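Taking it in order: structure first as structure tokens, then the write-up.
Just so it is clear, the model here is predicted, and its values are computed rather than measured.
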Amino acid sequence: MSLEPGTPSSKRKKVTTNSLRSMKAKGEHIAALTAYDHLMAGLIDKAGIDLILVGDSVATVVQGHDTTVPVTMEQMLYHAGLVSRAVERALVVGDLPFMSYQVNPDEALRNAGRMAKDAGVEAVKLEGGEVICPTVRRIVDAGIPVMGHLGLTPQSIHKFGTYQVRATADEEADQLKRDARSLQDAGVFAMVIEKVPAGLATEVADMLEVPIVGIGAGGGCDGQILVSHDMLGLYTKFNPRFVRRYAGIAETMLGAFGKFLEDVKARDFPSEDESY
Ligand code: KIV
């Protein structure tokens with residue numbers, strides 16, 4: 001894939017589920033970020049990022065909730081629509097929110113269909129392993145690509161009780177490997193593995209044909225995903241070790257807001273040039 005940064009996204013080859021698979025085969029790592037709105041999604045796409053996830057992390061970084069549990073299907077559809085309309089090249093994946101796919105495969109398919117048809121995403125992501133495979137199969141059979149999500153699965157936070165590293169014990173690591181294989185067999189085109197030991201994620205990536213996109217899962221995965229608001233230094237409430245800060249946007253914004261306040265109070269804004 002020709003990936004020269006700075007080339008307008010319209011001139012670059014569209015990313016598909018197939019091209020992600022061939023990137024893995026060629027050893028080219030996949031770069032993925034989250035987006036929840038039109039402006040951010042457009043910039044991420046322009047930068048050449050391969051996959052944009054409309055994550056249910058919108059619940060924490062945008063909506064101000066403590067977990068991803070409360071975000072609704074309607075809200076995810078809204079955000080996914082904003083993102084899809086901005087993106088030309090990247091593959092757009094929409095998270096299915098908590099309880100939109102757990103009840104039964106029919107309901108899951110209906111909601112995945114709304115994501116594809118109403119919000120324009122090209123794939124959906126859902127959390128879980130072996131137990132979710134019949135649902136994955138049903139959605140894939142209907143023609144909607146599915147991305148899996150294993151390891152730390154934030155929608156189950158109240159079951160785990162903690163956001164600590166998952167699968168450090170042999171039993172859980174073995175289950176994760178079984179889950180990963182089952183998801184591949186069920187037809188996922190890729191999967192996210194979140195916050196597990198690097199050795200385990202590497203083992204899974206080496207074992208499977210589908211790409212493993214890691215977050216807090218070390219450098220042996222086939223790609224990496226971060227929450228944009230974290231890597232931009234915009235969401236600063238938590239600072240997990242796996243996040244690399246590429247900018248300090250919150251500080252820049254605070255500085256700008258403070259300067260505006262100062263200028264208005266000092267009657268220094270607007271100037272004559274800024275007036276009619
Ligand atoms: O919702 C999200 O942002 C995610 C990423 C952490 C992979 O699922």
Side-chain angles (χ1 to χ4, degrees), residues 4-12 31-90 92-95 97-98 115 118-121 154-155 157 163 194 215-216 224-276:
E4 281 165 45
T7 309
S9 48
S10 55
K11 296 220 161 58
R12 306 167 82 191
L33 287 172
T34 61
Y36 319 106
D37 67 72
H38 195 82
L39 179 64
M40 183 89 88
L43 290 171
I44 293 171
D45 191 44
K46 201 170 169 189
I49 298 299
D50 303 302
L51 183 152
I52 298 180
L53 172 70
V54 189
D56 59 359
S57 49
V58 69
T60 52
V61 299
V62 174
Q63 297 180 333
H65 293 293
D66 289 335
T67 73
T68 59
V69 170
V71 67
T72 66
M73 188 65 210
E74 301 308 319
Q75 290 164 346
M76 287 306 299
L77 287 167
Y78 171 74
H79 287 284
L82 302 183
V83 170
S84 296
R85 286 195 291 280
V87 175
E88 293 173 3
R89 175 183 171 272
V92 179
V93 181
D95 255 344
F98 183 57
M115 269 288 190
D118 303 344
V121 304
Q155 292 178 7
I157 182 59
Y163 285 107
E194 180 167 355
I215 174 163
Q224 299 293 328
I225 183 162
L226 284 177
V227 170
S228 307
H229 290 55
D230 290 343
M231 60 85 80
L232 288 172
L234 182 56
Y235 183 76
T236 54
K237 210 162 151 190
F238 302 107
N239 191 13
R241 164 175 158 176
F242 61 79
V243 172
R244 185 178 292 180
R245 287 257 167 95
Y246 288 85
I249 303 293
E251 277 133 56
T252 305
M253 286 172 80
L254 272 174
F257 298 148
K259 187 71 179 80
F260 173 70
L261 175 73
E262 212 179 283
D263 290 351
V264 171
K265 298 291 179 189
R267 299 177 179 230
D268 186 41
F269 176 82
S271 66
E272 266 183 42
D273 284 353
E274 288 156 335
S275 306
Y276 297 98

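- To the nearest 0.5 Å, atom OH of residue Tyr163 and atom OG1 of residue Thr67 are 5.5 Å apart.
- Between atom CE of residue Met40 and atom CG of residue Leu33 there is a gap of 9.0 Å, rounded to the nearest 0.5 Å.
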For this session: Show the numbers, then the answer: is there a side-chain hydrogen bond (donor to acceptor under 3.5 Å, both in side chains) between Glu272 and Ser275?
Result: CA-CA 5 Å; Glu272 266 183 42; Ser275 306; over 6 Å; no
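- Across every non-hydrogen atom of Met115 and Ala80, the tightest pair is SD-CB, 3.9 Å.
- With hydrogens and angles ignored, the 3.5 Å screen pairs no side-chain donor or acceptor of Asp95 with any backbone N or O of Pro97.
- A 4.5 Å side-chain heavy-atom check between Val93 and Ile52 finds every atom pair outside the cut-off.
- In this structure, Gln63 contributes its side chain and Thr60 its backbone to no donor-acceptor pair below 3.5 Å.
- Between His229 and Tyr36, the ring planes lie tilted relative to each other; the angle falls in the 30° to 60° range.
- Counting non-hydrogen atoms of other residues, nucleotides and ligands closer than 6.0 Å to CZ of Phe242 gives a total above 12.
- Without hydrogens or angle criteria, Glu274 side chain to Ser271 main chain gives a donor-acceptor distance under 3.5 Å.
- Taking a 6.0 Å sphere around NZ of Lys237, one finds it holds more than 12 heavy atoms contributed by other residues, nucleotides or ligands.
- Ion pair Arg89/Asp50 flagged as a salt bridge, since at least one NZ, NE, NH1 or NH2 atom sits closer than 4.0 Å to an Asp/Glu carboxylate oxygen.
- Atom CG of residue Leu43 and atom CD1 of residue Ile49 lie 11.5 Å apart, to the nearest 0.5 angstrom.
- Between Gln224 and Ile215, every side-chain heavy-atom pair lies at or beyond the 4.5 Å cut-off.
- Interatomic distance, Leu254 CG to Ile249 CD1, rounded to the nearest 0.5 Å: 11.5 Å.
- By the neighbour-count criterion of 12 heavy atoms within 6.0 Å, atom CG of Asn239 is densely surrounded, having more than that number from other residues, nucleotides or ligands.
- At least one side-chain heavy atom of Val83 sits under 4.5 Å from a side-chain heavy atom of Val92.
- Side chain of Arg245 to backbone of Asp230: a donor-acceptor contact under 3.5 angstrom is found.
- Taken from CE in Met253 to CG in Leu232, the straight-line distance is 10.5 Å, to the nearest 0.5 Å.
- Going from atom NE2 of His38 over to atom OG of Ser84 covers 10.5 Å, rounded to the nearest 0.5 Å.
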Exercise. Are Met76 and Asp56 close enough, and set up right, to give a side-chain contact (heavy atoms from CB on, under 4.5 Å), and what steps lead you there?
Worked result: CA-CA 7 Å; Met76 287 306 299; Asp56 59 359; 4.3 Å; yes
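- Checked by atom type and distance alone, the side chain of Thr68 never pairs as donor or acceptor with a backbone atom of Ala59 at under 3.5 Å.
- At least one donor-acceptor pair under 3.5 Å links the side chain of Asp45 to the backbone N or O of Ala90.
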